[in-house]
Protein chains: 2
Amino acid sequence: MPGAREGPPLPMRPVLGEAGIVLAAIERQRMVPARTDLLRQGETPAVAHILLTGHTCRFRTLRDGRRQILAILVPGDLCDLEAVLGARADYGVSALTACTVGEIPCRRLADDTDAAMRAALWRHLLQDAAIAREWLVGMGRRNAQERLAHLFCELRVRLEAVGLAGTDFYETRITQVELADALGLTSVHVNRTLQELREAGLIRLANGRLTILDVPALERLAGFDPAYLRPGRALPEAERISLTSPPAAWR
Amino acid sequence: MPGAREGPPLPMRPVLGEAGIVLAAIERQRMVPARTDLLRQGETPAVAHILLTGHTCRFRTLRDGRRQILAILVPGDLCDLEAVLGARADYGVSALTACTVGEIPCRRLADDTDAAMRAALWRHLLQDAAIAREWLVGMGRRNAQERLAHLFCELRVRLEAVGLAGTDFYETRITQVELADALGLTSVHVNRTLQELREAGLIRLANGRLTILDVPALERLAGFDPAYLRPGRALPEAERISLTSPPAAWR
DNA sequence: CGAACCGTTGATCTCGTTCAAGGCGTGTGG
DNA sequence: CCACACGCCTTGAACGAGATCAACGGTTCG
């Protein structure tokens with residue numbers, strides 16, 4: 001287990017915040033290696049994937065090869081939103097690391113009789129939209145340093161919410177190419193910007209672990225306000241569910 | 001009526017595609033002048049606004065004044081999504097032009113017993129998310145010409161869907177500053193890029209009317225594929241509803 | 001052992017920004 | 001009715017953040 005090698009250990013049972021009700025609908029669990037496609041651009045999802053361990057992303061590839069990552073997904077996230085409506089997805093979903101995913105039949109998601117499911121999906125989708133908006137702000141109005149810093153802050157909060165990050169560090173095996181595709185930059189420039197953040201004493205990133213050396217400073221630089229990551233109405237503690245088993249592998 | 005001055009007239013009764021069921025829930029109708037705030041950043045919407053005529057936008061303003069438009073809304077669109085959950089909105093909503101908006105009480109949107117309403121909202125929200133993703137692709141991987149062209153193509157299709165655009169033109173009083181804020185550019189550069197598009201014989205934009213002189217060429221330049229604007233499952237024609245009265249004013 | 005992937009660095013270029021100014025149309029108050 | 005302000009569009013000149021092109025070293029893996 002890579003997390004045990006350095007720094008304090010992470011909680012053994014990640015809490016999948018909003019996803020509690022959704023988790024109960026998982027019919028089958030599957031492990032997939034990194035770079036596996038879970039959904040191809042333009043297809044209609046046959047099942048919905050909920051991520052249990054690892055990272056996936058939604059992405060778009062343009063005809064000429066330019067690629068844009070549209071979302072980075074962490075455990076507890078629903079990968080293919082259009083599954084709810086049985087609609088075509090304009091994006092692909094791909095595993096950034098080795099992952100375990102839960103499969104949920106579309107008819108369970110669309111189940112009209114399950115009010116709890118509906119509410120969970122709503123919250124999920126709205127949160128998803130809020131994150132997309134925040135990325136939009138970043139791409140439009142933030143420079144490379146701010147974008148990178150903001151993404152790191154966002155991932156920290158999202159991972160912490162499911163017990164996969166400490167207050168100042170988390171595991172991530174995201175590459176610089178992937179960061180570039182997520183932030184609308186080139187990998188060359190990501191590399192240089194990372195160096196600036198390192199030299200400024202803000203972060204350490206090596207061996208699949210990001211450590212934020214100065215959380216307030218990084219958040220200030222990023223203009224980070226975690227409000228958009230909080231679900232609108234507070235969720236009663238009882239609704240939060242833990243996985244029954246620790247994650248088999250994070251990478 | 002500005003549309004009658006030049007070119008063929010637009011249909012008198014815009015069809016508000018998906019929004020049929022939602023329209024029926026309107027309790028009150030309101031006219032607001034341009035630049036009115038319908039929702040302020042950080043507030044929880046008290047009522048949901050559905051746009052009936054004119055344009056509004058969702059936007060974010062950063063502390064230092066940088067502004068990013070997150071969505072441009074056209075008749076039939078729901079302005080404040082978080083109204084469904086009674087959640088705080090991380091964005092503001094503002095009228096780009098004079099508008100008429102329908103107000104829907106939040107409880108009607110969240111009404112658990114109304115399956116048709118739920119389905120309509122789902123489709124709406126997914127479409128909203130699809131548009132946001134497309135913008136994300138543009139901001140990350142398209143240059144100024146492509147972005148501008150893509151936005152023009154998108155608005156044409158969306159407006160045509162509600163009967164407010166012909167096959168190659170529509171009314172829009174959006175300013176260059178607003179275009180810049182939507183596309184993550186400066187108004188200076190938008191101005192120059194617009195000139196390039198004009199000189200290339202692709203568009204004409206004056207007096208609140210955009211004419212696309214060569215639709216296929218513009219779509220090719222933009223890399224535009226309208227698939228993301230189509231609802232997943234085809235909607236039976238019967239579900240499409242017309243307004244009972246023509247729009248009082250578009251500007 | 002070679003291929004592929006990833007991070008790194010340097011040199012150069014360019015797209016879009018910044019700063020500054022002027023013109024035009026419209027509304028407004030003296 | 002004119003003066004003035006303001007919003008919007010336009011233009012020029014200089015600058016800079018990030019892209020592009022090219023190359024190299026380290027690690028992993030077949």
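All values below were derived from every heavy atom in this structure, side-chain atoms included, with hydrogens, water molecules and symmetry-related copies excluded. Order of the sequence lines sets the chain letters (A, B, ...), proteins ahead of strands, with each chain counted from 1.
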Against the side chain of T186(B), the closest entry in dT17(C), dG18(D), dT9(C) is dT17(C)
Take a 6.0 Å sphere around CZ of R40(A) and say whether it holds more than 12 heavy atoms from other residues, nucleotides or ligands.
no
For a quick check of understanding: with a heavy-atom distance under 4.0 Å over all strands, which category does R35(A) fall into, base, sugar-phosphate or nothing?
sugar-phosphate
Side-chain donor/acceptor of R192(B) to base of dG12(D), under 3.5 Å:
yes
Please classify the nucleic acid contact of L185(A) as base, sugar-phosphate, or nothing, using heavy-atom distances under 4.0 Å.
sugar-phosphate
Integer-rounded Å distance: dC6(C) C1' and L205(A) CG:
13 Å
For A132(B), does its backbone N or O pair with a side-chain atom of R133(A) as donor and acceptor, under 3.5 Å?
no
Does the side-chain contact (heavy atoms from CB on, under 4.5 Å) test come out yes or no for I69(B) and R58(B), once each step is laid out?
CA-CA 6 Å; I69(B) 290 181; R58(B) 301 195 196 107; over 6 Å; no
I want to confirm an ordering. Mapping E178(B) and Q195(B) to their closest nucleotides on DNA chain D, which one lands closer to the 5' end?
E178(B)
Given dG12(D), dG18(D), dG7(D), identify the nucleotide with an atom nearest to the side chain of V188(B).
dG12(D)
Rounding to an integer number of Å, can you tell me how far E196(B) CD sits from dT14(C) C1'?
13 Å
Tell me what T175(A) touches on the nucleic acid: a base, only sugar-phosphate, or nothing, going by heavy atoms under 4.0 Å.
sugar-phosphate
Got a salt bridge between E146(B) and R141(B), using NZ or NE/NH1/NH2 to carboxylate O under 4.0 Å?
no
Has N191(A) got a side-chain N or O lying under 4.0 Å from the OP1 or OP2 atom of dT8(C)?
yes
Distance check needed: dG16(C) C1' versus Q176(B) CD, whole Å only.
15 Å
Looking for any heavy atom pair under 4.0 Å, which part of the strands does R198(B) touch: base, sugar-phosphate only, or nothing?
sugar-phosphate
Between dC8(D) atom P and H189(B) atom NE2, what is the distance in whole Å?
21 Å
